[in-house]
Number of protein chains: 2
Amino acid sequence: MANVKPVFPPRIPCIRCPLRRLDTFRDFSPPELEFVQDFKVAELVANPGTSVVVEGERHPQLYTLLSGWGFRYKILEDGRRQILNYVLPGDLIGLQGNIMLEMQHSVEALTKMTLCVFERERLMTLYQHHPSLAYDITWLAAREESMLDEHLLSIGRRSALERAAYLLIFLYSRAIGTGSLSQRQNAPLPLTQQHVADTLGLSLVHTNKTLRKVAALGLIRWLDRGCEILDPPGLQNIAQWRPPAESKRPFI
Amino acid sequence: MANVKPVFPPRIPCIRCPLRRLDTFRDFSPPELEFVQDFKVAELVANPGTSVVVEGERHPQLYTLLSGWGFRYKILEDGRRQILNYVLPGDLIGLQGNIMLEMQHSVEALTKMTLCVFERERLMTLYQHHPSLAYDITWLAAREESMLDEHLLSIGRRSALERAAYLLIFLYSRAIGTGSLSQRQNAPLPLTQQHVADTLGLSLVHTNKTLRKVAALGLIRWLDRGCEILDPPGLQNIAQWRPPAESKRPFI
DNA sequence: CGTTGAGTTGAGGTAAGTCAAGACATGTGG
DNA sequence: CCACATGTCTTGACTTACCTCAACTCAACG
């Protein structure tokens with residue numbers, strides 16, 4: 001983990017947390033904010049391609065992604081890889097490590113990521129003194145479960161074209177919600193076709209052919225290491241999927 | 001829901017809850033037990049084939065499965081069905097309904113099920129006064145997530161034979177842990193091949209041919225509406241999967 | 001100016017889907 | 001009791017979606 005650099009003390013105080021400025025996220029009450037500020041022990045920067053969490057290892061820490069993109073994945077003994085979900089700002093990383101002894105999946109940075117670091121030991125204190133934050137953690141876990149349900153439906157029952165459309169519109173709508181694309185107009189999703197293949201459960205070659213079909217329909221444009229979304233409603237129609245109507249969501 | 005019958009008042013007091021007798025589950029402290037007893041407002045019996053929870057509907061209640069088997073699933077507009085996971089005793093049902101406005105999946109009874117019914121409104125009270133139970137709910141959500149991760153890996157990257165082996169040994173080990181098979185020696189998993197197909201993301205015909213291969217290897221025997229597990233280690237080897245080493249787990 | 005990683009394309013193979021028909025058990029109404 | 005319908009499992013024949021192998025382009029980088 002040569003490219004994972006912890007930063008002490010945290011540079012961004014929670015009161016000036018960039019996520020708090022987005023409509024997507026709910027506000028903390030003053031005591032909650034105070035607690036979270038104290039709960040946060042450091043910041044971490046991970047460069048693209050580096051692992052923040054490794055399957056089979058113990059993890060004494062919990063993270064919230066502040067900025068950047070990452071993904072969770074598992075691999076079989078012979079190397080086959082399945083990407084389980086993507087991690088975007090506001091997402092909690094490593095909760096499973098508190099429940100199981102060892103992490104059951106890995107997390108890798110797709111772009112440069114900034115993370116808030118929390119100590120696992122103090123999680124119980126959070127549950128004891130801030131029930132609303134405890135409920136938020138459950139909320140986040142249930143939301144992750146809901147996304148995984150949708151992915152399962154997708155891999156299990158959608159065709160390659162539908163799967164690709166679903167993944168792209170799914171990522172696009174999450175990116176919009178977390179301000180992860182807004183820098184410039186039509187900024188691309190930061191993926192390679194290998195990532196798409198490993199998410200959809202397809203081979204790289206067939207993924208390429210499928211993405212070219214989606215592009216031929218005028219719905220996307222594939223760039224060097226990314227995907228520009230041209231027609232969100234078109235993708236929704238092919239995928240038979242609408243983004244969930246989320247009101248303000250919590251984060252820690 | 002003609003076959004879903006609520007029972008008031010609950011017939012089984014929590015202190016004599018059959019799940020508490022199993023090694024798999026942790027004990028409640030006396031105050032926890034008292035709270036849960038009060039939290040439980042009714043019991044529900046659902047016959048095979050009936051729905052306890054329906055995608056798209058609002059759900060003011062939360063359930064814990066006391067006995068029997070069920071499954072969670074989603075369907076696409078054109079009817080394609082994906083089974084997401086199975087529900088076994090001790091599992092919480094309907095948590096997502098508390099987070100999202102509407103349920104994002106349905107739950108159907110595979111065998112006759114008995115459920116404990118809790119009121120959603122009082123969930124906040126639980127979080128406020130019983131942090132340990134709140135943590136348990138998070139624990140259950142994270143465990144569900146972990147199972148879904150494994151299913152995704154399976155559907156995305158395992159071959160049909162490996163997938164079938166994985167599903168069967170997965171269900172078998174869960175069933176053993178919850179005492180859902182122990183009545184008689186080698187009791188079968190209560191599934192049809194259609195359920196297996198909809199879980200694995202395969203067609204019914206191909207599922208049948210795959211299951212016959214697994215049976216030809218001497219690992220299972222397929223009965224009328226169920227699957228008898230003959231060689232758990234053999235299934236584990238094909239699936240490249242070991243059941244997680246769980247110590248005592250919580251339930252509500 | 002080779003090397004590397006990402007994307008592209010074609011040819012041929014195989015796993016899985018679809019269609020169709022039949023066996024068998026169970027249940028039901030006449 | 002029979003006649004008939006229904007659900008589950010089974011099998012064969014054919015089609016197709018996806019996979020593997022292999023080669024090539026192109027840009028970025030030292």
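Each chain gets a letter, A, B and so on, in the order its sequence line appears, and its residues count up from 1.
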Residue-phosphate contact under 4.0 Å: Gln193(A) side-chain N/O, dG5(C) OP1/OP2: no

Atom CD of Glu162(B) and atom C1' of dA15(C) are separated, to the nearest Å, by 13 Å

- Task: Validate the cation-pi geometry between Arg174(A) and Tyr86(A): distance from NZ or CZ to the six-membered ring centre under 6.0 Å, angle to the ring axis within 45°.
- Result: no

Give a yes/no on whether any side-chain N or O of Asn208(A) is located under 4.0 angstrom from OP1 or OP2 of dG7(C).
no

Item to check | Any donor-acceptor N or O pair under 3.5 Å, side chains Gln104(B), Asp149(A) | outcome: no

To the nearest angstrom, the CG-C1' distance between Asp224(A) and dC29(D) comes to 13 Å

- request: Verify whether the ring centers belonging to His151(A) and Phe170(A) lie closer than 6.0 Å.
  value: yes

Testing dG10(C), dC19(D), dC19(C) for proximity to the side chain of Leu202(A), the answer is dC19(D)

Test side-chain hydrogen bond (donor to acceptor under 3.5 Å, both in side chains), reference Asn208(A), set Gln194(A), Gln193(A), Lys213(A), output is Gln193(A)

Trp222(B) CH2 to dT10(D) P, in whole Å, measures 9 Å

Rounded to whole Å, the CG-P distance (Leu204(B) to dA20(C)) equals 16 Å

Tell me what Ser203(A) touches on the nucleic acid: a base, only sugar-phosphate, or nothing, going by heavy atoms under 4.0 Å. base

Does the distance from a Lys or Arg side-chain N to an Asp or Glu carboxylate O, for Glu162(B) and Arg157(B), drop under 4.0 Å?
-> no

Rounded to whole Å, CD of Gln194(B) lies from P of dT6(D) at a distance of 17 Å

Comparing nearest nucleotides in DNA chain D, the 5'-proximal residue of the pair Arg163(A), Arg225(A) is Arg163(A)

Whole-Å distance, Arg158(A) CZ to dG17(C) C1', equals 19 Å

When rounded to whole Å, the NE2 to P distance for the pair His206(B) and dT15(D) reads 18 Å

Margin query: Tell me whether the side-chain N/O atoms of Arg212(A) come closer than 4.0 Å to OP1 or OP2 in dT9(C).
Written below: yes

Quick one: label Gly201(B) by what it contacts on the DNA or RNA (base, sugar-phosphate, nothing), any heavy atom closer than 4.0 Å. sugar-phosphate

note: Lys209(A), atom NZ; dC21(D), atom C1'; distance rounded to Å ~ 11 Å

